[in-house]
Structures are given as structure tokens and as C-alpha cells.
Undergrad: 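Here you go, one structure.
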Amino acid sequence: MDLKQQAALYALRYVHSGNIIGLGSGSTMALFIEELGALLKSGELSDIVAVPTSDETAQQARQAGVKLSTLDEHERLDIAIDGADEVDNNLNLIKGLGRALLREKVVATHAHEFIVIVDNTKLVARLGKRGPLPIEVVSFAVDSQIRWLTELGCVAELWLSENGSALLTDNGNPLVRCWFDNGIDNPKHLASLIKSRAGIVEHGLFLDMATKVIVAHETGITEMERDD
Ligand code: 5RP
């Protein structure tokens, strides 16, 4: 079985009947949603209500027969489950290469537990080593944001779709991708700098948020948990 599917299947042990859950976005989450739907159909799970983090996830959940809701209706989630692009030893993450980082962060913030499911290719010694950091910005003055981000020590570029136009999030905003040659030196410092810049909506650094990371390896599943 594919490693992403193994992580997705394993995570279902943390979902209980009656739970209100956050559903992240991406290919690992698509597998999780499919399995969740199967358990609902078989009656092994019931009364699950889910808050989706993207239009695509909402669509997948609807198809799987998962009842959807919003954070306005359910402010407190029992758990949020999501994939990640990078995971370091302290359970800090880079997310957003599925373009859903803003809603994913909002949903995770409302959850009692935030469980991340990945295959072992996502593990890194240092965030930013494996790929870019995605950053959602408003379209007003986007070139100026790119110049400012470049001054922070990365190669920043507007994320373009195949037809050459700016790729937009479900919120209608463009994304900038920041490539760091040797990874990110100090993720906390970088996160606070980026967050304080007017016109930047959100970034893909998810620091001190994950409560558990489920990692699928060729040899089996491991769980990483935060000490505090
Ligand atoms: C979407 C995300 C995804 O969780 C991340 O990109 C991982 O995706 P995949 O499961 O397809 O590898 O952050 O915004």
C-alpha cells in the first residue's frame, strides 16, 4: 500500500463517532477522506461533522458522504487532520503547496488536536530544505512584496499557473513561493517578520501547532508527539 495511504488509514484511529473534525487539503487528505467515507458507509463511524479547508476537500468530502459544516457553526473542533510539505524534528511544518494554507491554519487553530499525516519523504532536518515556503499575499503591490521577501534571503517568485497567470487560492489571492538555499535559519523569527508585513495574508510556516505527526515509512508507522 502507498505510504500516504498507510498514514491516512492509521490516522482514522483518532477519529471517533460524534467528532467534529477539520479536514485539510492535498493528496494524503484525499486518501483519508475516502477511507473516512468508507467507515461512515459501513457504520463503523457515525455522526461525524467536518469543516473543510478548501473547495477541493469539500468536494471530496461530499462525494464520500461526509457531512460538512463551517467554523461559524462549530467553533470548537475535536481534531484537525492534515498533510504537510515538510516536518522537522520539533513537529514544525511547512504547508501550503496545495494552496490551502490560510484556511488550513485557521481550521487547525480551532482544533483541540492537530494531527499531521505524511510519508517519510516529508521529514527534514531543517525547514525550507525540501521545497519553497508558500506565502499568500493580496494582489495589490505584489511585486513590492516579492522584492521585500527577497531581501529576507530567499529567491521569491510569484506562483504561476501553467497558462502563465498568477495561481490563486480559494480566497482569490496570489501566492509567492520563497526558496531558501540552505533552508530557514530561524523559522520563528522569519514567521514573525513575514506576519507583520502589511499585504501579506498568511505564510506556510506552522510552528508549535501540530500535536502529533503520523509518519509512514517502508518499515511501518511512527508517531511524533510534542513534549509540552
Ligand atoms: C495543502 C497542504 C498539503 O497538506 C501539503 O501540500 C501536502 O500535500 P500532499 O498530501 O499532496 O503531499 O499544505 O495546502
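First listed ligand is number 1; within each ligand, the first listed atom is number 1. Numbers here are sequence positions counted from 1.
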Undergrad: Working to the nearest 0.5 angstrom, can you tell me the gap between Arg197 CZ and Ser144 OG?
TA: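 Reported value, rounded in 0.5 Å steps: 4.5 Å.
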Undergrad: Show me which atoms of ligand 1 lie under 4.0 Å from any heavy atom of Ser25.
TA: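 Ligand 1 atoms under the 4.0 Å threshold to Ser25: 1 (C), 2 (C), 3 (C), 4 (O).
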Undergrad: Could you tell me, atom by atom, which parts of ligand 1 come under 4.0 Å of a heavy atom of Glu104?
TA: 1 (C), 2 (C), 13 (O), 14 (O)
Undergrad: Grouping I, L, V, M, F, W and Y whenever their side-chain heavy atoms are under 4.5 Å apart, do Leu149 and Leu205 come out in a common cluster?
TA: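 Shared cluster, yes.
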Undergrad: Check each atom of ligand 1 against the heavy atoms of Asp82 and keep those under 4.0 Å away; list them by number with element.
TA: 4 (O)
Undergrad: Distance under 4.0 Å to a non-hydrogen atom of Asp85: what atoms of ligand 1 satisfy this?
TA: 5 (C), 6 (O), 7 (C), 13 (O)
Undergrad: For the hydrophobic clusters of this structure (ILVMFWY residues joined by side-chain heavy atoms under 4.5 Å, transitively), does one cluster hold both Val176 and Leu152?
TA: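 Linked, Val176 and Leu152 end up in one cluster.
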Undergrad: Gly26 heavy atoms, cut-off 4.0 Å: which ligand 1 atoms fall inside?
TA: 11 (O)
Undergrad: When you measure from the heavy atoms of Lys122 to every atom of ligand 1, does any distance fall below 4.0 Å?
TA: yes
Undergrad: If I apply the N/O under 3.5 Å rule, does Ala100 come out as touching ligand 1?
TA: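 Between Ala100 and ligand 1 (N or O atoms, distance only) the closest approach is under 3.5 Å.
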Undergrad: I'd like to check which ligand 1 atoms, numbered from 1 as shown, lie under 4.0 Å from a non-hydrogen atom of Lys4.
TA: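 Every atom of ligand 1 under 4.0 Å from some heavy atom of Lys4: 9 (P), 11 (O), 12 (O).
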Undergrad: Ion pair present between Glu104 and Lys95, side-chain N to carboxylate O less than 4.0 angstrom?
TA: yes
Undergrad: Nearest non-hydrogen contact with atom 13 (O) of ligand 1 belongs to which option: Ala84, Gly204, Gly96?
TA: Gly96
Undergrad: Compile the donor-acceptor pairs under 3.5 Å between side chains in residues 131-140 and protein atoms, sequence neighbours left out, one pair per line.
TA:
{"unit_1": "Glu136", "atom_1": "OE2", "unit_2": "Thr169", "atom_2": "OG1", "d": "2.9"}
{"unit_1": "Glu136", "atom_1": "OE2", "unit_2": "Asn171", "atom_2": "ND2", "d": "3.0"}
{"unit_1": "Glu136", "atom_1": "OE2", "unit_2": "Asn173", "atom_2": "ND2", "d": "2.8"}

Undergrad: Of Ser27, Gly24, Pro134, Ser54, which has the heavy atom at the shortest distance from atom 11 (O) of ligand 1?
TA: Ser27
Undergrad: With side chains defined as the heavy atoms from C-beta onward, is the minimum distance between Asn92 and Asp208 less than 4.5 Å?
TA: yes
Undergrad: Hey, which atoms in ligand 1 end up nearer than 4.0 Å to a heavy atom of Arg99?
TA: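 Under 4.0 Å from Arg99, ligand 1 has these atoms: 14 (O).
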Undergrad: Flag Gly83 as yes when one of its N or O atoms lies below 3.5 Å from any N or O atom of ligand 1, and as no otherwise.
TA: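 Yes, at least one N or O pair falls under 3.5 Å.
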Undergrad: Only one of Asp185, Asp85, Leu207 passes side-chain contact (heavy atoms from CB on, under 4.5 Å) with Leu127; say which it is.
TA: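 Only one option passes, and that is Leu207.
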